[in-house]
Amino acid sequence: MSEQTPSQTVGPFFGYALPFERGGEVVDRAQPGAIRLHGRVFDGEGIGIPDALLELWQPDGSGVISRELGSHERDGYTFTGFGRTETTRAGDYTFTTVTPGAVGGGAAYALVTLFARGLLHHLFTRVYFLTPDEVPAAVAGDAVLSKLPPERVPTLLAVADGAGSYRFDIRLQGENETVFLDFDA
Amino acid sequence: MPLSTQNEINREIAAISAEARATVEAGGTPELHPRRGYAPYRSSVLRHPTHALVKADPEEIERTSPAFGHTDVDSYEADLTIQHPGEPLGERIIVTGRVLDGEGRPVRNQLLEVWQANASGRYVHKRDQHPAPLDPNFTGVGRVITGDDGSYRLVTIKPGAYPWKNHTNAWRPAHIHFSLFGTAFTQRLVTQMYFPGDPLFALDPIYQSIVDPAAQQRLVSQYDHDVSVPEWAIGYRWNITLTGPKQTWMEQDDDHE
């Protein structure tokens with residue numbers, strides 16, 4: 001029995017090492033059903049963070065978790081469910097993906113992992129894809145959403161902002177601070 | 001705001017360490033990870049959540065991880081000294097160890113990524129403006145897939161210490177950045193491996209953000225004479241532990257392979 005190796009910050013200089021070509025394209029943008037998932041990562045003063053790295057991990061559109069190899073190579077066809085992209089100078093990120101299907105009976109969501117200079121230990125959050133009609137039932141039936149104060153629930157919801165486009169901002173601090181998750185409970 | 005002096009940073013570090021030590025002596029649990037909000041590391045001040053994290057039971061997507069295999073990485077990517085026509089400058093080293101879960105079982109066939117500064121303490125990154133030379137024969141990026149016993153082995157150059165602007169005369173201890181995937185995404189880890197006996201440990205707010213001295217030591221590699229290769233390279237050993245949530249799911253995960 002040994003103890004967990006501690007985390008350290010990803011630092012400012014990961015940009016030539018961790019991002020890979022088309023890393024944000026979990027699916028090809030020409031694929032039917034492809035969506036844009038985008039947003040901005042904000043610090044405690046409301047400024048976009050230009051040196052953050054985001055990872056997306058999700059099931060496919062029917063709720064199946066891929067076991068395919070090749071997560072760091074984009075052939076344009078194989079769905080591995082994994083994406084990685086860095087933020088722009090403005091703090092913006094974009095993934096091209098599909099709306100995740102529900103795994104089991106729960107609400108459908110993708111896992112988002114955030115790394116950044118200044119962040120000593122990564123943060124996990126979830127982006128749920130729900131229409132306004134679906135929100136009440138999904139909140140009641142989801143183990144995480146149901147225990148949040150109602151005013152914090154929207155921080156985990158993707159907002160449709162166009163045809164096939166969803167916005168999901170991440171706020172590290174301050175008003176509407178995003179809900180971050182601790183799975184070590 | 002003017003930069004703090006090293007002495008001011010040292011006082012802040014000492015105060016937090018004393019408080020953490022008192023908490024453990026009073027029966028508190030030692031902290032395994034760094035504190036996300038650690039004021040001596042100035043960049044953390046506006047970049048950590050102020051709400052407590054919400055405890056959640058991982059669901060299936062969080063109990064799995066992207067699948068990797070030996071076809072995902074070329075074998076030569078584990079040697080950072082052969083990526084260019086010439087030999088990089090600096091001290092050639094071998095870094096090896098095993099990636100294990102909290103029960104001591106190997107984390108096999110998972111991706112390990114590394115990146116680092118060169119021997120002069122300079123990164124191949126356009127924002128790194130440290131006036132130290134780039135090495136045309138060293139990029140400082142490597143990848144390896146862990147073996148069946150969870151092992152990995154890298155050949156590289158010992159990175160140099162480098163200055164940064166956290167405070168006046170701030171220097172990072174020499175380190176190699178590591179990124180690891182476990183068998184569950186909850187085990188995901190990005191961290192830094194250090195070298196034994198570095199005089200900068202006590203002065204470095206990133207290292208000191210891990211307030212438990214035993215936990216700090218888990219990031220320090222050990223010199224291992226059995227790893228050194230005669231007439232060729234100095235060897236260091238560093239094992240990595242990825243604990244996760246309760247691990248009953250592992251047998252199920254194996255069914256997919």
Side-chain angles (χ1 to χ4, degrees), chain A residues 1-18 43-45 49 55 57-59 65-73 80-82 103-104 106 110-111 113 115-124 143-144 147-148 172-174 177-185, chain B residues 32-36 38 41 43-51 53-62 64 66-69 71-72 100 102-104 111 113 115 123-125 127-128 139 141 177 179 185-186 188-192 206 209-210 215-216 218-219 240-243 245 256-257:
Chain A
M1 181 75 193
S2 48
E3 298 280 15
Q4 170 70 41
T5 302
S7 169
Q8 292 273 263
T9 180
V10 75
F13 299 139
F14 58 81
Y16 73 105
L18 294 181
D43 73 9
E45 288 183 338
I49 293 181
E55 289 182 348
W57 172 234
Q58 65 164 85
I65 298 172
S66 173
R67 302 305 301 159
E68 295 280 353
L69 303 180
S71 275
H72 281 42
E73 287 165 316
T80 71
F82 177 76
V103 181
L111 179 67
T113 310
F115 306 87
R117 178 179 67 85
L119 191 55
L120 285 155
H121 189 184
H122 63 259
L123 289 166
F124 288 123
V144 167
K147 69 178 173 189
L148 296 177
L172 287 179
Q173 287 181 357
E177 179 180 306
T178 299
V179 169
F180 297 104
L181 300 172
D182 175 5
F183 292 114
D184 295 330
Chain B
L32 295 172
H33 280 293
R35 295 186 177 179
R36 289 189 177 85
Y38 187 75
Y41 176 33
S43 302
S44 77
V45 172
L46 290 172
R47 293 186 171 194
H48 71 276
T50 56
H51 286 80
L53 302 195
V54 173
K55 292 189 183 306
D57 288 327
E59 297 196 27
E60 190 176 347
I61 191 72
E62 289 126 2
T64 53
F68 293 100
T71 54
D72 281 308
L100 303 172
E103 313 301 316
L111 178 67
E113 297 163 279
W115 70 103
Y123 285 90
V124 181
H125 187 291
R127 283 192 210 129
D128 185 358
T139 303
V141 177
H177 294 268
S179 164
F185 218 98
T186 55
R188 185 84 176 86
L189 182 70
V190 168
T191 189
Q192 302 176 22
I206 292 181
S209 68
I210 303 163
Q216 290 174 354
R218 291 178 197 126
L219 293 185
I240 299 155
T241 302
L242 305 178
T243 60
H256 292 277
E257 291 180 357

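So you know, we letter chains A, B, ... as the sequences are listed, proteins then strands, and number each from 1. These numbers come from the heavy atoms of this one structure, side chains and all, not from hydrogens, waters or symmetry mates.
- Between the CG atom in Leu120(A) and the OH atom in Tyr38(B) there is a gap of 9.5 Å [rounded to 0.5 Å].
- Using a 4.5 Å cut-off between heavy atoms, Gln58(A) contacts chain B through its backbone alone, with no side-chain atom that close.
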Exercise for the section: Give the intermediate values and the outcome of side-chain contact (heavy atoms from CB on, under 4.5 Å) for residues Trp57(A) and Arg188(B). Expected result: CA-CA 12 Å; Trp57(A) 172 234; Arg188(B) 185 84 176 86; over 6 Å; no
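- A side-chain donor-acceptor contact under 3.5 Å links Arg36(B) to the backbone of His122(A).
- Here CD of Glu73(A) is found 8.0 Å from OG1 of Thr71(B). Values are rounded to the nearest 0.5 Å.
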Practice task
Starting from the C-alpha separation in whole Å, work towards a yes-or-no answer on side-chain contact (heavy atoms from CB on, under 4.5 Å) for Asp72(B) and Ser71(A).
Solution key: CA-CA 8 Å; Asp72(B) 281 308; Ser71(A) 275; over 6 Å; no
Exercise for the section: Please test Thr5(A) against Arg218(B) for side chain to side chain donor-acceptor pair (under 3.5 Å), starting from the C-alpha separation and ending with a verdict. Expected result: CA-CA 6 Å; Thr5(A) 302; Arg218(B) 291 178 197 126; over 6 Å; no
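- Salt bridge status for Arg47(B) with Asp43(A): absent, with no side-chain N to carboxylate O gap under 4.0 Å.
- Of the two parts of Leu69(A), the backbone and the side chain both hold a non-hydrogen atom closer than 4.5 Å to a non-hydrogen atom of chain B.
- For the residue pair Ala56(B) and Leu181(A), the shortest heavy atom distance occurs at CB-CD2, 4.3 Å.
- Contact of the Leu172(A) side chain with the His48(B) side chain is not registered, since no non-hydrogen atoms from C-beta on lie closer than 4.5 Å.
- Ring geometry for Tyr123(B) versus Tyr16(A): interplanar angle over 60°, hence perpendicular rather than tilted (30 to 60°).
- Considering only heavy atoms from C-beta on, Trp115(B) comes within 4.5 Å of Val10(A) through its side chain.
- With a threshold of 4.5 angstrom between heavy atoms, Arg35(B) approaches chain A through N, CA, C or O but not through any side-chain atom.
- Between Leu18(A) and Ser179(B), the closest heavy-atom pair is CD2-CB, 4.1 Å.
- Only the backbone of Pro12(A) has a heavy atom closer than 4.5 Å to any heavy atom of chain B.
- Looking at Ile210(B), the atoms closer than 4.5 Å to chain A (heavy atoms on both sides) all sit in the side chain, from C-beta outward.
- With a 4.5 angstrom heavy-atom cutoff, Thr50(B) touches chain A via backbone and side-chain atoms both.
- To the nearest 0.5 Å, atoms NE2 (His177(B)) and CZ (Phe13(A)) are separated by 8.5 Å.
- Between the side chains of Gln4(A) and Thr241(B), no donor-acceptor pair of N or O atoms lies under 3.5 Å.
- Annotation: the span from Phe180(A) atom CZ to Leu53(B) atom CG amounts to 8.5 Å, rounded to 0.5 Å.
- Heavy-atom pairs under 4.5 Å with chain B peak, among Thr80(A), Thr178(A), Val144(A), Leu123(A), at Leu123(A).
- Between Ile65(A) atom CD1 and Thr64(B) atom OG1 the span is 4.0 Å, to the nearest 0.5 Å.
- Panel note: side chain His33(B), backbone Pro6(A); no donor-acceptor pair is recorded below 3.5 Å.
- Using modelled atom types, no side-chain atom of Glu45(A) and backbone atom of Leu46(B) make a donor-acceptor pair closer than 3.5 Å.
- Using a 4.5 Å cut-off between heavy atoms, Glu113(B) contacts chain A through its side chain alone, with no backbone atom that close.
- If you measure heavy-atom distances from Thr9(A) to chain B, the contacts under 4.5 Å come from both the backbone and the side chain.
- In this view, His72(A) and Phe20(A), Phe82(A), Phe68(B) satisfy the ring-ring contact (aromatic ring centres under 6.0 Å, His included) rule, not counting sequence neighbours.
- Only the side chain of Leu111(B) comes within contact range of chain A, judged by heavy atoms closer than 4.5 Å.
- Ser44(B) has its side chain out of reach of Leu119(A): every pair of non-hydrogen atoms, C-beta onward, lies at least 4.5 Å apart.
- Chain A forms more heavy-atom pairs under 4.5 Å with one residue of Ile240(B), Leu100(B), Val54(B) than with any other, namely Val54(B).
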Exercise for the section: Could you please spell out the steps behind the side-chain contact (heavy atoms from CB on, under 4.5 Å) verdict for Gln8(A) and Ser209(B)? Expected result: CA-CA 9 Å; Gln8(A) 292 273 263; Ser209(B) 68; 3.8 Å; yes
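- Looking at heavy atoms from C-beta onward, Glu3(A) lies in side-chain contact with Leu32(B) at the 4.5 angstrom threshold.
- With hydrogens and angles ignored, the 3.5 Å screen pairs a side-chain donor or acceptor of Lys147(A) with a backbone N or O of Lys55(B).
- In this structure, the portion of Thr113(A) lying under 4.5 Å from any heavy atom of chain B is its side chain and not its backbone.
- Heavy-atom distances place the side chain of Leu148(A), and not its backbone, under 4.5 Å from chain B.
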Exercise for the section: Please test His121(A) against Val190(B) for side-chain contact (heavy atoms from CB on, under 4.5 Å), starting from the C-alpha separation and ending with a verdict. Expected result: CA-CA 8 Å; His121(A) 189 184; Val190(B) 168; over 6 Å; no
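- Pairing each heavy atom of Phe14(A) with each of His125(B), the nearest pair is N-CD2, 4.3 Å.
- In this structure, CG on Leu111(A) lies 11.0 Å from CD on Glu59(B), to the nearest 0.5 angstrom.
- Between the side chain of Thr186(B) and the backbone N or O of Phe183(A), no donor-acceptor pair lies under 3.5 Å.
- Using a 4.5 Å cut-off between heavy atoms, Val179(A) touches chain B through its side chain atoms alone.
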